[in-house]
Amino acid sequence: LWVGSHNTTKKDDPRSLWWRAARQYNLEEKLQRFPNHIFYGEIFGPGVQKGFGYGINQGEIALRFFDILDTDRMEYLSAAAFEVMLGEADLLHVPSFGQGYWGPDWLLKLANGNTLLGNHIREGFVVKPVVERYDARIGRVILKMKSEEFLIKEGRR
């Protein structure tokens, strides 16, 4: 089992937040059925993300997944294949607004408001196509839209 964050492998250390999550969710056992796949997730809870607790008790953490890379084909799984594999691994995905066409007006509405986990402002959300694709200008088509409230809280607006 390899554990990391932002292109960095983390040393197996009991004080490591990443290894703590890996052990808490029994990832070594759950992911051994899926060799040659990289599971991407996010750890959250009080003190992890800029003061947002996401409904998790103080001192606890949670983990949800948002992507899986098939390293044999060097391709990310489609939305449907991602859901199937995550279910087979008995792991949870990040909350979703669902699938469909969202024009610019909908994107702005969805970016703001309360998070789907807990009771505080939404940081934003990620938009990606149901079927993986690439664009010559931006590369992999996956975009993050941050909420206006979050940008203000961070002092970026």
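For the numbers below, each heavy atom of this structure counts, side chains included, while hydrogens, waters and symmetry mates do not. Since this is a predicted model, take the numbers as computed values, not measurements.
D70 places a side-chain N or O within donor-acceptor distance of the main-chain N or O of R73, the cut-off being under 3.5 Å. Formation of a donor-acceptor pair under 3.5 Å by the R23 side chain with backbone atoms of E28 is not found in this model. Within the 3.5 Å criterion, the main-chain N or O of S5 finds no donor-acceptor partner in the side chain of K10. No side-chain donor-acceptor contact under 3.5 Å links S147 to the backbone of N112.
Under the 4.0 Å criterion applied to side-chain N and carboxylate O atoms, D67 and K128 are assigned as salt-bridge partners. The pair R33-D90 does not meet the salt-bridge criterion, since no charged nitrogen lies less than 4.0 angstrom from a carboxylate oxygen.
Contact detail for I56 and G45: the closest heavy-atom pair is CB-CA, 4.0 Å. Heavy-atom minimum distance, K11 versus S16: O-CB, 4.2 Å. When all heavy atoms are compared, the tightest approach of L63 to Y25 is N-OH, 3.2 Å. Across every non-hydrogen atom of W19 and L1, the tightest pair is CH2-O, 3.7 Å. The two residues T71 and H37 come nearest to each other via the heavy atoms OG1-N, 4.1 Å. Heavy-atom minimum distance, G4 versus W18: O-CD1, 3.8 Å.
No side-chain heavy atom of F125 sits less than 4.5 Å from a side-chain heavy atom of K146. Using a 4.5 Å heavy-atom cutoff, the side chains of V3 and T9 are not in contact. Under the 4.5 Å side-chain criterion, counting only non-hydrogen atoms from C-beta, P95 is in contact with L117.
A continuous path of ILVMFWY side-chain contacts below 4.5 Å connects I68 to F34, so both sit in one hydrophobic cluster. No continuous path of ILVMFWY side-chain contacts below 4.5 Å connects L77 to L69, so the two sit in separate hydrophobic clusters.
Residues V126 make up the rest of the hydrophobic cluster containing I142, defined by ILVMFWY side-chain heavy atoms closer than 4.5 Å, directly or through other members.
The ring-ring contact (aromatic ring centres under 6.0 Å, His included) check on F82 picks up nothing, with sequence neighbours excluded. Residues that satisfy the ring-ring contact (aromatic ring centres under 6.0 Å, His included) test with F66, not counting sequence neighbours, are absent from this structure.
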Exercise. Would E42 and F65 satisfy side chain to side chain contact (heavy atoms under 4.5 Å, CB included), going step by step from the backbone distance to the final call?
Worked result: CA-CA 6 Å; E42 185 156 0; F65 292 86; over 6 Å; no
Exercise. After noting the C-alpha distance and the side-chain angles of E123 and T115, does the key distance pass the side chain to side chain contact (heavy atoms under 4.5 Å, CB included) rule?
Worked result: CA-CA 7 Å; E123 289 185 54; T115 180; over 6 Å; no
For this session: Take F39 and M85, measure what side chain to side chain contact (heavy atoms under 4.5 Å, CB included) needs, and give me the verdict at the end.
Result: CA-CA 10 Å; F39 285 64; M85 188 173 285; 3.8 Å; yes
For this session: Please lay out, stage by stage, how R140 and E132 fare under the test side chain to side chain contact (heavy atoms under 4.5 Å, CB included).
Result: CA-CA 8 Å; R140 183 177 181 220; E132 279 295 315; 2.8 Å; yes
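The cationic group of R122 does not satisfy the cation-pi geometry with F150, failing either the under 6.0 Å distance to the six-membered ring centre or the 45° limit from the ring axis.
Taking the six-membered ring where tryptophan is involved, the planes of Y76 and Y40 are tilted, since the angle between them lies from 30° to 60°.
Exactly one of I43, L86, L91, V94 qualifies for a side chain to side chain contact (heavy atoms under 4.5 Å, CB included) with R64. That residue is V94.
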